[in-house]
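Input: a single structure, listed below in C-alpha coordinates.
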Amino acid sequence: MTWICLLGPSPGGARAIALHGHRAVVLVAPGVAVPREVAAHAERVVFCPITDHDAVRSAMGRLIAELGPPRLVVSFTEYAQEVCARVATDLGLPSVSPVAAARARDKVAMRRLLEGTPYAWRYAAGTAAEVAAAVRAEPDGVSWIVKPADGAGSAGVAAVNSYAELARWQERVTREVVAGRPGATRFIAEHAAQGPEFSVEAVSSKGRHTVLAITAKQTTGSPGFVETGHVVPAPLPESDAERLREAVRCVLDRLEIGHGASHTEVRLDPVHGPVVIETHTRVGGDCIPELVELATGQDQYERAVAALLDTAPALTAAPVAPAAAISFVLPPASGTLTAVSLTPVDDVLRWDFERVPGTDVSDVHSSEDRVGYAIAVGSTALEAMETATKATAGVYLQVAPHPDHAV
(Lines give C-alpha, C1' and ligand atoms only; values in the text may rest on other atoms or scores of the structure.)
Protein backbone atom coordinates (compact mmCIF):
# COMPACT_ATOMS: atom_id res chain seq x y z
CA MET A 1 0.00 0.00 0.00
CA THR A 2 1.46 3.37 -1.01
CA TRP A 3 1.43 6.49 1.14
CA ILE A 4 0.28 10.07 0.68
CA CYS A 5 1.70 12.99 2.62
CA LEU A 6 -0.89 15.40 4.04
CA LEU A 7 0.32 18.82 5.20
CA GLY A 8 -1.92 19.94 8.04
CA PRO A 9 -4.28 17.91 10.28
CA SER A 10 -7.32 17.96 7.97
CA PRO A 11 -9.92 15.33 8.97
CA GLY A 12 -11.50 15.46 5.50
CA GLY A 13 -8.12 15.11 3.83
CA ALA A 14 -7.06 12.13 5.98
CA ARG A 15 -10.40 10.42 5.34
CA ALA A 16 -10.13 10.99 1.59
CA ILE A 17 -6.67 9.41 1.49
CA ALA A 18 -7.96 6.36 3.36
CA LEU A 19 -10.98 6.07 1.05
CA HIS A 20 -8.60 5.72 -1.88
CA GLY A 21 -6.68 2.92 -0.18
CA HIS A 22 -3.51 4.81 0.67
CA ARG A 23 -1.69 5.29 3.95
CA ALA A 24 -1.83 8.84 5.29
CA VAL A 25 1.33 10.36 6.77
CA VAL A 26 0.33 13.70 8.28
CA LEU A 27 2.72 16.59 8.88
CA VAL A 28 1.50 18.89 11.65
CA ALA A 29 2.97 22.15 12.95
CA PRO A 30 4.37 21.83 16.49
CA GLY A 31 1.84 22.82 19.12
CA VAL A 32 -1.17 22.15 16.87
CA ALA A 33 -3.70 19.60 18.16
CA VAL A 34 -4.36 16.50 16.06
CA PRO A 35 -8.12 15.80 15.80
CA ARG A 36 -9.12 12.25 16.63
CA GLU A 37 -10.56 11.87 13.10
CA VAL A 38 -7.08 12.51 11.71
CA ALA A 39 -5.42 10.14 14.16
CA ALA A 40 -7.93 7.44 13.19
CA HIS A 41 -6.84 7.53 9.54
CA ALA A 42 -3.17 8.46 9.89
CA GLU A 43 -0.50 5.81 9.83
CA ARG A 44 1.93 8.35 11.23
CA VAL A 45 1.93 11.95 12.46
CA VAL A 46 5.13 13.95 12.10
CA PHE A 47 5.49 17.32 13.80
CA CYS A 48 7.12 19.80 11.47
CA PRO A 49 6.68 23.52 10.58
CA ILE A 50 4.46 22.98 7.54
CA THR A 51 4.88 26.52 6.21
CA ASP A 52 8.68 26.15 6.08
CA HIS A 53 9.71 24.61 2.74
CA ASP A 54 13.15 23.49 3.90
CA ALA A 55 11.77 21.86 7.06
CA VAL A 56 9.06 20.02 5.11
CA ARG A 57 11.52 18.92 2.42
CA SER A 58 13.89 17.62 5.10
CA ALA A 59 11.09 15.68 6.81
CA MET A 60 10.00 14.30 3.45
CA GLY A 61 13.56 13.16 2.75
CA ARG A 62 13.61 11.11 5.93
CA LEU A 63 10.18 9.63 5.20
CA ILE A 64 11.12 8.73 1.63
CA ALA A 65 14.28 6.99 2.84
CA GLU A 66 12.13 4.83 5.11
CA LEU A 67 8.86 4.41 3.19
CA GLY A 68 9.81 5.01 -0.42
CA PRO A 69 8.37 7.78 -2.61
CA PRO A 70 4.86 9.06 -1.82
CA ARG A 71 2.00 8.86 -4.28
CA LEU A 72 0.96 12.48 -3.60
CA VAL A 73 1.72 15.46 -1.40
CA VAL A 74 -1.50 17.34 -0.63
CA SER A 75 -2.77 20.04 1.71
CA PHE A 76 -6.14 21.55 2.52
CA THR A 77 -4.60 24.13 4.87
CA GLU A 78 -4.50 27.76 3.70
CA TYR A 79 -1.00 28.71 4.77
CA ALA A 80 0.64 25.47 3.57
CA GLN A 81 -0.52 25.73 -0.04
CA GLU A 82 2.66 27.18 -1.52
CA VAL A 83 4.97 24.81 0.38
CA CYS A 84 2.81 21.84 -0.63
CA ALA A 85 2.94 22.85 -4.29
CA ARG A 86 6.73 23.34 -4.20
CA VAL A 87 7.41 20.00 -2.51
CA ALA A 88 5.05 18.08 -4.79
CA THR A 89 6.59 19.71 -7.85
CA ASP A 90 10.12 18.98 -6.56
CA LEU A 91 9.13 15.31 -6.38
CA GLY A 92 7.49 15.28 -9.81
CA LEU A 93 4.01 14.61 -8.39
CA PRO A 94 0.66 15.93 -9.69
CA SER A 95 -0.12 19.27 -8.06
CA VAL A 96 -1.16 22.82 -8.66
CA SER A 97 2.03 24.64 -9.65
CA PRO A 98 3.93 26.72 -7.06
CA VAL A 99 3.33 29.81 -9.22
CA ALA A 100 -0.43 29.18 -9.29
CA ALA A 101 -0.55 28.57 -5.54
CA ALA A 102 1.28 31.86 -4.96
CA ARG A 103 -1.05 33.74 -7.32
CA ALA A 104 -4.10 32.43 -5.45
CA ARG A 105 -2.66 33.73 -2.17
CA ASP A 106 -1.83 37.12 -3.72
CA LYS A 107 -4.99 39.10 -4.41
CA VAL A 108 -3.05 41.68 -6.43
CA ALA A 109 -1.67 39.01 -8.77
CA MET A 110 -5.20 37.68 -9.28
CA ARG A 111 -6.52 41.16 -10.16
CA ARG A 112 -3.72 41.67 -12.68
CA LEU A 113 -4.40 38.35 -14.35
CA LEU A 114 -8.10 39.16 -14.67
CA GLU A 115 -7.42 42.39 -16.55
CA GLY A 116 -8.83 42.21 -20.05
CA THR A 117 -11.57 39.75 -19.03
CA PRO A 118 -15.23 40.48 -18.22
CA TYR A 119 -14.24 40.05 -14.56
CA ALA A 120 -11.67 42.85 -14.37
CA TRP A 121 -12.35 45.19 -11.45
CA ARG A 122 -11.01 48.56 -10.31
CA TYR A 123 -8.33 48.20 -7.66
CA ALA A 124 -5.23 49.81 -6.17
CA ALA A 125 -2.41 48.03 -4.37
CA GLY A 126 0.73 48.72 -2.36
CA THR A 127 1.64 50.02 1.06
CA ALA A 128 -0.97 51.68 3.24
CA ALA A 129 0.25 55.09 2.04
CA GLU A 130 0.14 54.07 -1.63
CA VAL A 131 -3.36 52.63 -1.31
CA ALA A 132 -4.55 55.75 0.52
CA ALA A 133 -3.15 57.97 -2.25
CA ALA A 134 -4.98 55.95 -4.91
CA VAL A 135 -8.27 56.17 -3.00
CA ARG A 136 -7.88 59.93 -2.59
CA ALA A 137 -7.33 60.25 -6.34
CA GLU A 138 -11.04 59.46 -6.74
CA PRO A 139 -13.93 61.58 -5.42
CA ASP A 140 -14.77 61.55 -1.73
CA GLY A 141 -17.66 59.15 -1.10
CA VAL A 142 -16.61 56.35 -3.49
CA SER A 143 -16.92 53.06 -1.59
CA TRP A 144 -13.85 50.83 -1.35
CA ILE A 145 -13.04 47.55 0.38
CA VAL A 146 -9.50 47.50 1.80
CA LYS A 147 -7.77 44.33 2.99
CA PRO A 148 -4.36 42.66 3.29
CA ALA A 149 -3.11 41.48 -0.10
CA ASP A 150 -2.56 37.95 1.20
CA GLY A 151 -5.09 37.70 4.02
CA ALA A 152 -7.80 35.13 4.77
CA GLY A 153 -10.67 34.51 7.17
CA SER A 154 -12.09 38.06 6.88
CA ALA A 155 -9.12 39.32 8.92
CA GLY A 156 -8.24 42.94 8.28
CA VAL A 157 -11.12 43.62 5.88
CA ALA A 158 -12.48 47.16 6.14
CA ALA A 159 -15.04 49.23 4.26
CA VAL A 160 -13.91 52.76 3.41
CA ASN A 161 -16.70 55.08 2.28
CA SER A 162 -15.09 58.49 2.73
CA TYR A 163 -11.77 60.26 3.09
CA ALA A 164 -12.43 60.48 6.83
CA GLU A 165 -12.83 56.69 7.10
CA LEU A 166 -9.73 56.26 4.96
CA ALA A 167 -7.73 58.45 7.36
CA ARG A 168 -8.89 56.37 10.34
CA TRP A 169 -7.95 53.13 8.53
CA GLN A 170 -4.50 54.45 7.58
CA GLU A 171 -3.88 55.69 11.11
CA ARG A 172 -4.84 52.30 12.57
CA VAL A 173 -2.61 50.18 10.31
CA THR A 174 0.28 52.63 10.70
CA ARG A 175 -0.08 52.48 14.48
CA GLU A 176 0.08 48.67 14.34
CA VAL A 177 3.30 48.79 12.33
CA VAL A 178 4.90 51.33 14.66
CA ALA A 179 3.91 49.27 17.70
CA GLY A 180 5.58 46.22 16.15
CA ARG A 181 2.39 44.16 16.15
CA PRO A 182 2.26 41.49 13.44
CA GLY A 183 0.15 42.55 10.51
CA ALA A 184 0.00 43.22 6.82
CA THR A 185 2.40 45.53 5.00
CA ARG A 186 0.82 45.19 1.55
CA PHE A 187 -2.82 46.01 0.92
CA ILE A 188 -5.34 45.99 -1.87
CA ALA A 189 -8.26 48.41 -2.18
CA GLU A 190 -11.09 47.51 -4.52
CA HIS A 191 -14.24 49.32 -5.54
CA ALA A 192 -17.02 47.87 -3.39
CA ALA A 193 -19.17 45.45 -5.39
CA GLN A 194 -22.87 45.25 -4.60
CA GLY A 195 -25.25 42.30 -4.59
CA PRO A 196 -25.30 38.94 -2.83
CA GLU A 197 -22.12 37.00 -2.08
CA PHE A 198 -21.45 33.38 -3.06
CA SER A 199 -18.64 30.89 -3.14
CA VAL A 200 -18.10 28.28 -5.83
CA GLU A 201 -16.71 24.91 -4.75
CA ALA A 202 -14.82 23.12 -7.53
CA VAL A 203 -12.33 20.39 -8.34
CA SER A 204 -9.91 20.56 -11.27
CA SER A 205 -8.12 17.76 -13.09
CA LYS A 206 -5.58 18.44 -15.85
CA GLY A 207 -7.12 21.86 -16.43
CA ARG A 208 -10.75 20.69 -16.52
CA HIS A 209 -12.92 22.30 -13.84
CA THR A 210 -15.94 20.62 -12.24
CA VAL A 211 -18.19 22.76 -10.06
CA LEU A 212 -19.64 20.68 -7.23
CA ALA A 213 -21.82 23.36 -5.68
CA ILE A 214 -22.49 27.06 -5.26
CA THR A 215 -22.80 28.34 -1.69
CA ALA A 216 -24.83 31.40 -0.69
CA LYS A 217 -23.20 33.41 2.09
CA GLN A 218 -24.37 35.70 4.87
CA THR A 219 -22.02 38.24 6.47
CA THR A 220 -22.03 40.94 9.12
CA GLY A 221 -21.77 43.46 6.27
CA SER A 222 -19.73 46.63 6.55
CA PRO A 223 -17.21 47.18 7.97
CA GLY A 224 -15.74 43.69 8.57
CA PHE A 225 -17.82 41.37 6.36
CA VAL A 226 -17.33 38.42 8.72
CA GLU A 227 -19.29 35.41 7.49
CA THR A 228 -22.23 34.46 9.70
CA GLY A 229 -23.89 31.70 7.64
CA HIS A 230 -23.82 29.60 4.48
CA VAL A 231 -26.33 27.49 2.58
CA VAL A 232 -25.95 24.87 -0.19
CA PRO A 233 -27.24 24.98 -2.84
CA ALA A 234 -27.46 28.72 -3.34
CA PRO A 235 -31.07 29.68 -4.20
CA LEU A 236 -30.28 31.05 -7.67
CA PRO A 237 -31.85 30.95 -11.13
CA GLU A 238 -29.86 28.59 -13.33
CA SER A 239 -28.86 31.45 -15.61
CA ASP A 240 -27.19 33.27 -12.71
CA ALA A 241 -25.59 30.06 -11.45
CA GLU A 242 -24.03 29.52 -14.88
CA ARG A 243 -22.68 33.09 -14.87
CA LEU A 244 -20.92 32.34 -11.57
CA ARG A 245 -19.57 29.03 -12.87
CA GLU A 246 -18.22 30.74 -15.98
CA ALA A 247 -16.50 33.42 -13.89
CA VAL A 248 -14.81 30.76 -11.79
CA ARG A 249 -13.65 28.81 -14.84
CA CYS A 250 -12.10 32.04 -16.12
CA VAL A 251 -10.22 32.84 -12.90
CA LEU A 252 -8.96 29.25 -12.53
CA ASP A 253 -7.73 29.29 -16.13
CA ARG A 254 -6.08 32.71 -15.75
CA LEU A 255 -4.30 31.67 -12.56
CA GLU A 256 -3.45 28.28 -14.16
CA ILE A 257 -5.04 26.33 -11.32
CA GLY A 258 -5.37 23.02 -13.11
CA HIS A 259 -5.28 20.48 -10.27
CA GLY A 260 -7.11 19.89 -7.02
CA ALA A 261 -9.75 21.67 -4.98
CA SER A 262 -10.67 25.34 -5.21
CA HIS A 263 -12.93 27.73 -3.34
CA THR A 264 -13.75 31.00 -5.10
CA GLU A 265 -15.70 33.88 -3.56
CA VAL A 266 -17.84 35.96 -5.93
CA ARG A 267 -20.40 38.76 -5.70
CA LEU A 268 -23.21 38.97 -8.23
CA ASP A 269 -23.27 42.72 -8.81
CA PRO A 270 -26.62 43.87 -10.30
CA VAL A 271 -24.83 46.14 -12.80
CA HIS A 272 -21.51 44.47 -13.57
CA GLY A 273 -22.45 40.82 -13.07
CA PRO A 274 -20.03 38.42 -11.33
CA VAL A 275 -17.17 40.12 -9.45
CA VAL A 276 -14.49 37.70 -8.27
CA ILE A 277 -13.39 38.56 -4.73
CA GLU A 278 -10.71 35.91 -4.20
CA THR A 279 -9.88 32.29 -4.90
CA HIS A 280 -8.05 29.58 -2.97
CA THR A 281 -6.34 26.32 -3.94
CA ARG A 282 -8.15 24.44 -1.17
CA VAL A 283 -11.65 23.64 -0.02
CA GLY A 284 -13.67 26.33 1.74
CA GLY A 285 -13.64 26.73 5.50
CA ASP A 286 -16.64 27.10 7.80
CA CYS A 287 -17.75 23.47 7.20
CA ILE A 288 -18.68 24.30 3.59
CA PRO A 289 -17.43 20.89 2.33
CA GLU A 290 -19.74 19.24 4.86
CA LEU A 291 -22.70 21.25 3.55
CA VAL A 292 -21.76 20.28 -0.02
CA GLU A 293 -21.64 16.61 0.89
CA LEU A 294 -24.95 16.76 2.80
CA ALA A 295 -26.76 18.47 -0.09
CA THR A 296 -25.08 16.81 -3.11
CA GLY A 297 -23.51 13.56 -1.88
CA GLN A 298 -20.13 14.74 -3.20
CA ASP A 299 -17.11 14.91 -0.90
CA GLN A 300 -14.84 17.71 -2.18
CA TYR A 301 -11.81 16.34 -0.31
CA GLU A 302 -12.30 12.90 -1.84
CA ARG A 303 -12.94 14.34 -5.30
CA ALA A 304 -9.76 16.42 -5.08
CA VAL A 305 -7.65 13.39 -4.14
CA ALA A 306 -9.30 11.37 -6.91
CA ALA A 307 -8.49 14.11 -9.43
CA LEU A 308 -4.83 14.20 -8.38
CA LEU A 309 -4.64 10.40 -8.54
CA ASP A 310 -6.38 10.52 -11.95
CA THR A 311 -8.84 7.90 -10.81
CA ALA A 312 -12.60 7.56 -10.36
CA PRO A 313 -14.27 8.92 -7.19
CA ALA A 314 -14.34 6.43 -4.35
CA LEU A 315 -17.72 7.64 -3.05
CA THR A 316 -21.12 7.55 -4.74
CA ALA A 317 -23.34 8.61 -1.86
CA ALA A 318 -26.85 10.04 -2.09
CA PRO A 319 -27.53 13.48 -0.59
CA VAL A 320 -28.78 13.52 2.99
CA ALA A 321 -31.23 16.33 2.13
CA PRO A 322 -31.90 18.74 -0.73
CA ALA A 323 -30.24 21.60 1.19
CA ALA A 324 -27.88 22.16 4.13
CA ALA A 325 -26.96 25.30 6.04
CA ILE A 326 -24.70 26.55 8.82
CA SER A 327 -25.34 29.50 11.11
CA PHE A 328 -22.73 30.92 13.48
CA VAL A 329 -23.10 32.07 17.06
CA LEU A 330 -21.60 35.52 17.64
CA PRO A 331 -20.59 36.93 21.03
CA PRO A 332 -22.92 39.65 22.36
CA ALA A 333 -20.02 41.57 23.91
CA SER A 334 -16.37 41.24 24.80
CA GLY A 335 -15.39 39.69 28.11
CA THR A 336 -15.26 36.25 29.69
CA LEU A 337 -17.85 33.68 28.63
CA THR A 338 -19.47 32.38 31.83
CA ALA A 339 -22.44 30.33 30.58
CA VAL A 340 -23.86 28.79 27.39
CA SER A 341 -27.31 27.32 26.91
CA LEU A 342 -29.35 26.34 23.86
CA THR A 343 -32.79 25.16 22.87
CA PRO A 344 -32.97 21.96 20.77
CA VAL A 345 -34.36 22.51 17.25
CA ASP A 346 -35.61 19.85 14.82
CA ASP A 347 -33.46 19.18 11.73
CA VAL A 348 -30.28 20.47 13.38
CA LEU A 349 -27.70 17.77 12.65
CA ARG A 350 -25.04 19.01 15.02
CA TRP A 351 -23.78 21.83 17.20
CA ASP A 352 -20.21 22.86 17.83
CA PHE A 353 -18.88 25.43 20.29
CA GLU A 354 -15.29 26.56 19.90
CA ARG A 355 -15.53 28.72 23.02
CA VAL A 356 -16.59 27.30 26.37
CA PRO A 357 -17.29 28.94 29.73
CA GLY A 358 -14.10 30.38 31.15
CA THR A 359 -12.67 31.50 27.82
CA ASP A 360 -12.51 35.06 26.56
CA VAL A 361 -14.68 36.39 23.73
CA SER A 362 -14.33 39.66 21.86
CA ASP A 363 -16.12 41.89 19.43
CA VAL A 364 -16.38 40.29 15.98
CA HIS A 365 -13.50 41.39 13.76
CA SER A 366 -12.77 38.09 11.97
CA SER A 367 -14.05 34.53 11.71
CA GLU A 368 -11.79 33.61 14.64
CA ASP A 369 -14.06 35.63 16.97
CA ARG A 370 -17.17 33.46 16.46
CA VAL A 371 -18.30 31.27 19.35
CA GLY A 372 -19.85 28.24 17.65
CA TYR A 373 -22.36 27.07 15.05
CA ALA A 374 -25.31 24.87 14.17
CA ILE A 375 -25.67 22.81 10.97
CA ALA A 376 -29.20 22.06 9.71
CA VAL A 377 -30.86 20.46 6.69
CA GLY A 378 -34.08 21.19 4.89
CA SER A 379 -36.18 20.50 1.82
CA THR A 380 -35.16 23.89 0.39
CA ALA A 381 -32.24 26.28 0.87
CA LEU A 382 -34.56 28.74 2.61
CA GLU A 383 -35.86 26.12 5.01
CA ALA A 384 -32.36 24.89 5.90
CA MET A 385 -31.09 28.42 6.51
CA GLU A 386 -34.15 29.37 8.58
CA THR A 387 -33.69 26.28 10.75
CA ALA A 388 -30.00 26.92 11.34
CA THR A 389 -30.62 30.62 12.07
CA LYS A 390 -33.46 29.81 14.46
CA ALA A 391 -31.17 27.41 16.29
CA THR A 392 -28.36 29.92 16.82
CA ALA A 393 -30.82 32.69 17.69
CA GLY A 394 -31.94 30.50 20.60
CA VAL A 395 -28.43 30.25 22.07
CA TYR A 396 -27.94 32.19 25.29
CA LEU A 397 -24.44 33.42 26.05
CA GLN A 398 -23.60 35.01 29.39
CA VAL A 399 -20.54 37.23 29.21
CA ALA A 400 -18.88 38.95 32.15
CA PRO A 401 -17.07 42.15 31.15
CA HIS A 402 -13.37 42.36 31.86
CA PRO A 403 -12.64 44.44 34.96
CA ASP A 404 -10.95 47.16 32.95
CA HIS A 405 -14.10 47.48 30.80
CA ALA A 406 -16.64 47.35 33.58
CA VAL A 407 -18.71 50.48 34.13
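Between Leu236 and Leu268 the shortest side-chain heavy-atom distance falls below 4.5 Å. You'll find the side chain of Ile64 reaches within 4.5 Å of the side chain of Pro70, heavy atoms only. Contact of the Ile17 side chain with the His41 side chain is not registered, since no non-hydrogen atoms from C-beta on lie closer than 4.5 Å. Side chains of Leu113 and Glu256 form no contact here, defined as non-hydrogen atoms less than 4.5 Å apart. A 4.5 Å side-chain heavy-atom check between Ile145 and Val157 finds at least one atom pair inside the cut-off.
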Verdict with supporting geometry, Leu67 and Arg44, side chain to side chain contact (heavy atoms under 4.5 Å, CB included): CA-CA 11 Å; Leu67 304 175; Arg44 186 179 306 185; 4.1 Å; yes
Steps toward side chain to side chain contact (heavy atoms under 4.5 Å, CB included) verdict (Leu349, Leu294): CA-CA 10 Å; Leu349 294 188; Leu294 288 169; 3.7 Å; yes
Side chain to side chain contact (heavy atoms under 4.5 Å, CB included) between Leu63 and Leu27, intermediate numbers included: CA-CA 11 Å; Leu63 289 166; Leu27 270 57; 4.0 Å; yes
Chi angles and distances behind the side chain to side chain contact (heavy atoms under 4.5 Å, CB included) call for Leu7, Thr77: CA-CA 7 Å; Leu7 302 189; Thr77 301; over 6 Å; no
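Ion pairing of Arg168 with Glu171 is absent here, as no side-chain N (NZ or NE/NH1/NH2) approaches a carboxylate O to less than 4.0 Å. Salt bridge absent: Asp54 and Arg57 never bring a charged side-chain N and a carboxylate O closer than 4.0 Å. Between Arg105 and Glu78 there is a salt bridge, since at least one side-chain N of the basic residue sits less than 4.0 Å from a carboxylate O of the acidic one. Here Arg249 pairs with Glu246 in a salt bridge; the nearest charged N to carboxylate O distance falls below 4.0 Å. Checked for salt-bridge contact, Glu190 and Lys107 miss the test: no charged N lies under 4.0 Å from a carboxylate O. A salt bridge links Arg15 with Glu293; the closest basic N to acidic carboxylate O contact falls under 4.0 Å. Using a 4.0 Å cut-off between charged nitrogen and carboxylate oxygen, Glu227 and Lys217 count as a salt-bridge pair.
Contact record, Val283 with His263: C-CB, 3.9 Å, taken as the closest heavy-atom pair. Residues Val348 and Thr387 share a closest heavy-atom pair of CG2-CG2, 4.2 Å. Of all the heavy atoms in Pro49 and Pro30, the pair that sits closest is N-CD, 3.8 Å. Pairing each heavy atom of Leu166 with each of Ala132, the nearest pair is CD2-O, 3.6 Å.
Side-chain atoms of Arg370 come within 3.5 Å of backbone atoms of Ser367 as a donor-acceptor pair (strictly under, hydrogens ignored). Panel note: side chain Gln81, backbone Ser75; a donor-acceptor pair is recorded below 3.5 Å. Between the side chain of Glu130 and the backbone N or O of Thr127, at least one donor-acceptor pair lies under 3.5 Å.
Under 3.5 Å, the side chains of Asn161 and Ser143 contain a donor-acceptor pair of N or O atoms. Judged purely by distance below 3.5 Å, without hydrogens or angles, the side chains of Ser204 and His209 pair a donor atom with an acceptor atom. A donor-acceptor pair shorter than 3.5 Å can be found between the side chains of His20 and Glu302. With 3.5 Å as the limit, one finds a donor-acceptor pair spanning the side chains of Arg303 and Gln298. Residues Ser58 and Arg62 have side chains that bring a donor and an acceptor to within less than 3.5 angstrom of each other.
Between Trp144 and His191, the gap from one ring centroid to the other is short of 6.0 Å.
Each salt bridge (Lys or Arg N to Asp or Glu O under 4.0 Å) pair with one or both residues in residues 198-209, not counting sequence neighbours, appears once here: Lys206-Asp310. Residue pairs satisfying the ring pair (Phe, Tyr, Trp, His ring centres under 6.0 Å) criterion with at least one member in residues 297-335, sequence neighbours excluded, are listed as follows: Phe76-Tyr301, Phe328-Tyr373. Among residues at least two apart or in separate chains, there is no salt bridge (Lys or Arg N to Asp or Glu O under 4.0 Å) pair with a member in residues 315-343.
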